[in-house]
Every structure is written in C-alpha cells, then in structure tokens.
Colleague: 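So that we are looking at the same thing, I have put the structure below in structure tokens.
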Amino acid sequence: MSQTYFWLQLLFIIVIGVYFISVMKRQQGSKVIVEKESKKEMDKLQKLRDIKLSKPLSELTRPSSFAEIIGQENGIKALKAALCSPNPQHVIIYGPPGVGKTAAARLVLEVAKKSPKSPFRQDAKLIEMDATNIRFDERCIADLLIDSVHDPIYQGAGAMGTAGIPQPKPGAVTKAHGGILFIDEIGELHPMQMNKLLKVLEDRKVLLESAYYNSEDTNIPFHIHDIFQNGLPADFRLIAATTRGTESIPPALRSRCLEIYFKSLAPDEIKTVCVNTMEKIYFDMEENVPEIISKYATNAREAVNILQTAVGINVSECRDKVTVQDIEWVLNSGQYSPRPEKKISSKPQVGYVNGLAVYGPNIGALLEIEASATAADKGEGKLVVTGIVDEEELSSNQSRTIRRKSMARSSVENVLTVIKKYLNVSPYDYDIHLNFPGGTPIDGPSAGVSIAVAIYSAIINVPVDNSIAITGEVSIRGKVMPVGGVVAKIEAAKAAGALKVIIPKDNYQEMFNDMVIDILPMDNIQEVIDIALIKEQETKICLTAITDVGYLAAKGITNLNKSKSNITSAHN
C-alpha cells in the first residue's frame with residue numbers, strides 16, 4: 001500500500017514538474033518571440049527615423065529671439081513686464097495668426113530665468129498645449145489638461161487598480177508646476193475646461209475626489225493619501241493665446257489675466273519679414289519683391305509661405321533669384337486678396353467722412369462714411385441706410401431668441417435727434433441716404449460722431465476736411481461719448497494718411513502727446529462740427545487750386561504771386 005502511494009506521489013510530482021517546465025518554456029518562447037518582434041519593429045522605427053526631409057521655410061525662419069519678432073514691440077514689452085518681474089502674472093495674448101504670439105510665449109520663460117528677481121528656477125519648464133486637441137472627458141478619468149483620477153474599475157489600472165486603489169494622474173497643470181503653461185487657441189477650449197482651469201489658477205493646486213478613496217484604508221499607499229488630502233501642486237503662470245476676440249474667454253478668467261494685444265503687421269513690417277527670410281536661406285530676390293508681397297500679406301506666415309512657393313519655382317527651374325513675376329504667379333495661383341488698406345480721400349467732399357473702426361483682436365481700420373441729402377416736403381423726409389447690420393438675433397440659454405435693432409442703426413437715429421436739437425437743422429425735411437461702402441457689415445455705436453458730421457455736411461452742402469479722421473459715440477444730448485480701441489484706430493488713421501484724429505475727450509491719454517499725428521479731444525458735437533467742416537470753402541478751394549490757370553482766370557486773378565499771398569493771408 002505504501003509502495004503504491006509512493007509511486008502515485010512520484011507520478012504526481014512528475015506531472016506537475018512537466019507542466020511547470022512546459023509553462024516556463026512557453027513563457028520563454030513567448031519572451032523570445034516578443035523580443036524578436038520588438039527588434040523588427042525597432043529596426044523599422046530606426047529606418048523611419050533615418051529618413052529626414054529638409055525643414056520647411058516657416059520653421060527655418062521661426063524667431064529665435066524677441067528681436068526677430070517684427071512689429072510687436074509693445075506686446076513684447078508688456079509680456080516681459082508681466083512675466084519677468086518678481087510677481088509674474090497670468091497672460092492672455094490676442095492677435096491674428098502668424099504675428100508671433102507662440103514664438104513670444106516660448107521665448108519669455110528663458111528671459112525670465114535670467115532676471116535676478118524672478119521666482120522661476122533654472123529648471124522651470126514650459127508646457128505647451130493646443131486647446132483644439134484637448135478633449136473634454138465628462139467622467140474625469142483621462143484629462144490631459146487638469147489632473148484626474150484613474151479609478152480601479154477601468155481597464156489598464158495596473159497592480160494598484162487590481163487592489164482597488166484609485167490612482168491620481170497628473171495633467172498639464174501639474175507638469176507645469178513652477179514654470180509656464182502655454183495654451184494655444186484657448187478660445188477653442190471647452191467651457192467646462194475653462195471653469196476647471198479658473199479654479200486651478202485660484203487655488204494653485206488640484207483637489208481630487210474619488211468614490212473609491214477611503215481615508216481610513218491602510219492598503220492605500222501614503223503618497224496617494226497625501227494627494228487626496230492636500231492635492232497635487234499646480235503653481236504655474238498661464239500664457240494663453242487666441243485668434244478670437246475677448247468674447248470667447250469667460251470674464252472671470254480674463255479678470256485674472258493681463259490682456260496683451262498683438263497687431264497685424266503693417267506693409268513696412270511685412271517688407272522687413274521678407275528681407276529677413278531671404279537672408280536666412282541665403283537666396284536672392286529682386287528689389288520690388290517685398291513691396292509686392294506687402295500689398296497682399298497681413299502676417300509673417302503669409303509672407304513666408306508666398307516666398308517659399310516662389311523659391312520652389314526657382315529651384316525647379318534651376319534659377320537662384322526670386323523675381324516679381326514669380327511672386328505675381330504665386331499670388332494669382334493662391335488667389336490672394338489685396339490688403340484692405342484704405343487711404344484718405346485726396347480732396348474734401350460734401351457728406352464724406354473718414355470714420356474709424358476696430359475689428360478682430362484690436363485691429364484698426366479706416367471706415368468710409370458717405371451721406372447724400374435731398375430736400376423733401378416738410379417733415380416728410382425719408383432715411384435710407386445701407387452697408388450696416390440692420391437687426392441681429394440673440395439666443396439665450398432658455399432657448400429664447402431676441403431680435404434687436406443694431407447699435408449702428410440706433411446711432412443713426414440718435415444723430416438725427418442731435419442734428420435737429422443742437423445744430424438747428426431739421427433732417428426730417430430731407431431724403432437722406434447714408435452709406436458705408438466696402439461691403440462689410442458694420443455694427444457698433446462708435447461711428448455716431450462720424451455719421452453726424454456726414455449727414456450735417458450733406459444737408460448744408462459744406463465739405464468735410466479730408467485730412468481728419470473721426471471716432472466717437474454721440475448721445476442725444478450732443479455729447480461725444482468714449483469708445484473702445486482708440487489706440488488701434490489712431491494707428492489706422494495714421495497709416496491711411498490722416499493728419500488729425502478727433503476722439504472723445506474721455507478717451508484722451510498722455511501717450512498721445514508723443515504721436516506724430518494731431519489728436520483732438522472733443523466734448524460735444526458742436527466742437528466737432530467747427531473743426532471738421534471747411535467753412536471758408538472759397539478760400540480752401542483757392543489754396544488747393546492756386547496753380548489752376550483756368551480757375552484763376554475765371555476769378556479775374558492775373559498776378560499769381562500777389563494773389564497767392566493775399567489768399568494765404570486771408571486764410572490765416
């Protein structure tokens with residue numbers, strides 16, 4: 001019996017041994033197979049990495065210092081002031097694409113590290129995120145931006161998940177701790193993510209919650225207890241960039257950030273970009289090439305793309321100099337539209353005013369306003385307004401739709417009241433046609449003063465000074481009310497060739513004293529009329545047409561020099 005038991009036990013041991021040996025062989029074989037497959041994949045990966053194309057021109061010409069970012073001196077100065085000080089601030093950068101927002105954000109941390117009073121350590125990191133690629137996870141399991149908790153019931157929880165332990169996962173806010181978190185196109189971020197980000201900026205840490213966490217569970221490691229009780233650190237400075245307007249950012253987030261505006265590039269700045277680009281790639285171009293490109297490109301990226309295509313044409317045709325014909329072909333092929341650069345009128349006109357507007361991220365533009373007035377029966381005049389938004393619809397969260405009259409249309413009605421009450425003219429006795437040329441829908445109250453001048457000029461048939469640009473809202477009491485974007489509007493007026501700019505008195509700033517254009521702050525509509533309209537019409541015409549022999553003969557003027565002296569004296 002004992003002998004039989006012995007043999008049975010031995011047989012059992014042999015079977016078990018054979019089983020474990022086979023299992024080990026299978027594991028070893030699997031390991032060998034995995035290693036072989038891994039080696040094959042690594043070889044494929046290495047072959048892929050050995051294949052390298054040349055860098056695109058846009059990458060070669062990317063600014064490597066603040067000096068290479070063209071046209072954003074004020075924005076860069078504000079960015080340095082915000083982040084290179086002992087108490088750095090959060091920043092939101094607004095601006096059109098291709099003007100240097102991302103490049104500036106990448107460079108400022110290195111500059112801040114060199115500041116002796118900066119709190120950023122030398123190992124501080126810049127963590128970049130693109131809001132268009134950040135998905136919003138309602139379950140809060142996998143969040144690339146904000147720290148999250150990987151609960152154990154989900155696949156891939158690992159050994160701790162098997163033991164029922166929730167695992168905190170750091171997001172970009174914790175990875176940026178002690179440094180800078182740069183979020184490009186933050187206007188595309190999900191509203192819930194913005195609210196979470198706002199909370200992190202306020203607390204400078206992320207507090208996590210999980211239904212699987214128990215503070216009394218001794219199986220949970222100490223560091224996880226510490227994270228759930230004290231949160232993950234997230235003390236960083238935010239740099240956010242967006243090509244959208246301020247309306248895309250929650251007011252609570254904006255209030256915690258310094259808002260900086262990068263402007264679109266002027267033609268002269270586009271020329272500088274072209275010259276710098278060609279110098280970096282050691283390629284030659286004709287003298288007029290930057291001039292042509294500056295008439296179409298509004299930012300550095302557009303200019304570089306045009307040049308890159310032109311250089312490609314040269315390489316394919318074995319040439320080494322970009323010509324004007326190359327650029328013209330690229331512009332026609334790419335269907336580029338000319339820049340909307342407007343210039344002031346060459347002469348004074350009745351009912352024609354140089355208004356000013358702002359669009360996009362604080363970009364100024366000259367706004368043409370023209371009016372025509374024809375006498376009608378007393379009190380039977382009609383008003384026609386073209387080129388503006390007449391009405392707009394607003395949708396609320398309660399699924400209600402509100403239709404309201406546009407602010408520009410309301411400004412026109414305010415103007416009629418002001419003209420009748422304060423300028424002693426009844427506009428209701430005239431058929432008035434007010435037009436905003438250009439085909440761009442206009443809305444906003446800041447054209448009120450310009451509209452008043454245009455209509456009043458058309459009614460009394462007196463021309464408006466063509467060297468003056470005007471901005472400001474008008475109240476029904478005849479007051480010139482403050483408006484936004486005045487600095488951008490002044491820059492646009494200067495670029496358009498205006499010599500003077502009329503602005504509301506409340507918008508005046510000391511910085512305007514240093515500008516090379518006259519800034520005229522006004523308090524009421526009568527002051528604007530006195531400045532804007534050319535009252536001494538005959539004298540003005542004489543001064544502008546003094547060399548016109550036919551005009552002089554018609555007036556009986558025979559001594560040119562003497563007459564010019566007399567007219568000039570009378571005008572002065």
Side-chain angles (χ1 to χ4, degrees), residues 53-84 88 91-115 118 120 124-132 176 179-186 237-243 258-285 289-290 293-294 296-311 322 339 360-363 491:
L53 300 178
S54 59
K55 292 182 178 180
L57 191 58
S58 57
E59 187 173 341
L60 285 173
T61 57
R62 183 174 294 157
S64 57
S65 66
F66 281 126
E68 295 180 7
I69 300 177
I70 305 299
Q72 309 301 340
E73 291 77 11
N74 291 335
I76 291 172
K77 182 178 180 180
L79 187 62
K80 288 181 178 179
L83 290 163
C84 299
V91 171
I92 299 177
I93 305 176
Y94 301 93
V99 296
K101 302 188 300 297
T102 301
R106 289 172 175 167
L107 293 170
V108 71
L109 179 59
E110 296 305 316
V111 176
K113 288 179 183 179
K114 297 176 183 178
S115 176
S118 173
F120 293 112
K125 295 180 180 180
L126 173 70
I127 303 297
E128 291 190 39
M129 299 290 290
D130 190 331
T132 58
I180 288 177
L181 173 62
F182 172 56
I183 303 180
D184 201 8
E185 295 298 343
I186 193 172
R237 290 300 176 268
L238 172 70
I239 300 180
T242 180
T243 54
L258 173 66
E259 295 183 297
I260 299 174
Y261 295 88
F262 276 28
K263 64 183 184 66
S264 58
L265 302 187
D268 289 342
E269 293 163 345
I270 292 292
K271 294 177 188 178
T272 303
V273 170
C274 293
V275 172
N276 293 347
T277 298
M278 300 304 277
E279 288 179 352
K280 282 191 174 183
I281 61 174
Y282 305 103
F283 214 87
D284 198 9
M285 64 178 173
V289 164
I293 295 177
S294 68
Y296 290 82
T298 58
N299 60 67
R301 191 173 296 139
E302 281 185 356
V304 170
N305 289 341
I306 293 171
L307 283 173
Q308 182 170 4
T309 307
V311 169
V322 174
R339 292 171 61 109
N362 213 34
I363 303 171
E491 293 292 339

Colleague: What is the minimum heavy-atom distance between Leu107 and Ser64, and which atoms define it?
Modeller: CD2-O, 3.5 Å

Colleague: Any donor-acceptor pair under 3.5 Å linking the side chain of Arg237 with the backbone of Ile180?
Modeller: no

Colleague: Can you list the steps and then say if Thr61 with Asn276 is a side-chain contact (heavy atoms from CB on, under 4.5 Å)?
Modeller: CA-CA 8 Å; Thr61 57; Asn276 293 347; over 6 Å; no

Colleague: Going by an N to O cut-off under 4.0 Å, is there a salt bridge joining Arg106 and Glu128?
Modeller: yes

Colleague: Quick check: do Leu79 and Val91 have side-chain heavy atoms less than 4.5 Å from each other?
Modeller: yes

Colleague: Do side-chain atoms of Ser115 reach the backbone of Val111 as a donor and acceptor pair under 3.5 angstrom?
Modeller: no

Colleague: Given Ile183, which of Ile127, Asp130, Leu238, Ile92 fulfils the side chain to side chain contact (heavy atoms under 4.5 Å, CB included) condition?
Modeller: Leu238

Colleague: Starting at CZ of Phe262, measure out to CD1 of Ile69 and round the result to the nearest 0.5 Å.
Modeller: 6.0 Å

Colleague: So does Pro96 get a backbone contact from the side chain of Lys101, meaning a donor-acceptor N/O pair under 3.5 Å?
Modeller: yes

Colleague: Crowded around Lys113 NZ? As in, over 12 foreign heavy atoms under 6.0 Å?
Modeller: yes

Colleague: Val273 vs Glu269, test: side-chain contact (heavy atoms from CB on, under 4.5 Å). Steps then yes/no.
Modeller: CA-CA 6 Å; Val273 170; Glu269 293 163 345; 5.7 Å; no

Colleague: Minimum heavy-atom separation for Ala300 to Ile270, with atom names?
Modeller: N-CD1, 4.4 Å

Colleague: Measure the OH-CZ distance between Tyr296 and Arg339 for me, rounded to the nearest 0.5 Å.
Modeller: 12.5 Å

Colleague: Nearest heavy-atom pair of Val275 and Pro290: which atoms, and what distance?
Modeller: CG2-CG, 4.4 Å

Colleague: Is the CG atom of Asp284 crowded by more than 12 outside heavy atoms at less than 6.0 Å?
Modeller: yes

Colleague: Is the shortest heavy-atom distance from the side chain of Met129 to the side chain of Glu185 under 4.5 Å?
Modeller: no

Colleague: Roughly how far, to the nearest 0.5 Å, is OG1 of Thr277 from CG of Asn305?
Modeller: 10.0 Å

Colleague: Any side-chain heavy atom of Leu126 sitting closer than 4.5 Å to one from Glu110?
Modeller: no

Colleague: Is there a donor-acceptor pair closer than 3.5 Å between any side-chain N or O of Lys80 and the backbone N or O of Val108?
Modeller: no

Colleague: State, to 0.1 Å, how close Glu68 and Arg62 come at their nearest heavy-atom pair, and which atoms those are.
Modeller: OE1-O, 3.9 Å

Colleague: Taking it one step at a time, do Glu73 and Lys263 satisfy salt bridge (Lys or Arg N to Asp or Glu O under 4.0 Å)?
Modeller: CA-CA 10 Å; Glu73 291 77 11; Lys263 64 183 184 66; 5.9 Å; no

Colleague: Between Gln72 and Lys77, does a side-chain contact (heavy atoms from CB on, under 4.5 Å) hold up when you go through it step by step?
Modeller: CA-CA 8 Å; Gln72 309 301 340; Lys77 182 178 180 180; over 6 Å; no

Colleague: Short question: side chain of Ser118, backbone of Ala112 - any donor-acceptor pair under 3.5 Å?
Modeller: yes

Colleague: Has the side chain of Gln308 got a donor or acceptor atom that lies under 3.5 Å from a matching backbone atom of Val304?
Modeller: no

Colleague: Taking C-beta and beyond as the side chain, do Leu109 and Leu83 meet within less than 4.5 Å on heavy atoms?
Modeller: no

Colleague: State the SG-CD distance between Cys274 and Glu279, to the nearest 0.5 angstrom.
Modeller: 11.5 Å

Colleague: What heavy-atom pair brings Ser264 and Thr298 nearest, and what distance separates the two atoms?
Modeller: CB-O, 3.9 Å

Colleague: Which value, rounded to the nearest 0.5 Å, describes the distance between Ile70 atom CD1 and Asn299 atom CG?
Modeller: 13.5 Å

Colleague: Determine, stepwise, if the pair Met278 / Leu307 fulfils side-chain contact (heavy atoms from CB on, under 4.5 Å).
Modeller: CA-CA 8 Å; Met278 300 304 277; Leu307 283 173; 3.9 Å; yes

Colleague: Looking at every non-hydrogen atom in both residues, tell me the closest pair between Pro267 and Ser294 and how far apart they are.
Modeller: O-CB, 3.4 Å

Colleague: To the nearest 0.5 angstrom, please state how far the CD1 atom of Ile93 sits from the CD1 atom of Ile186.
Modeller: 11.0 Å

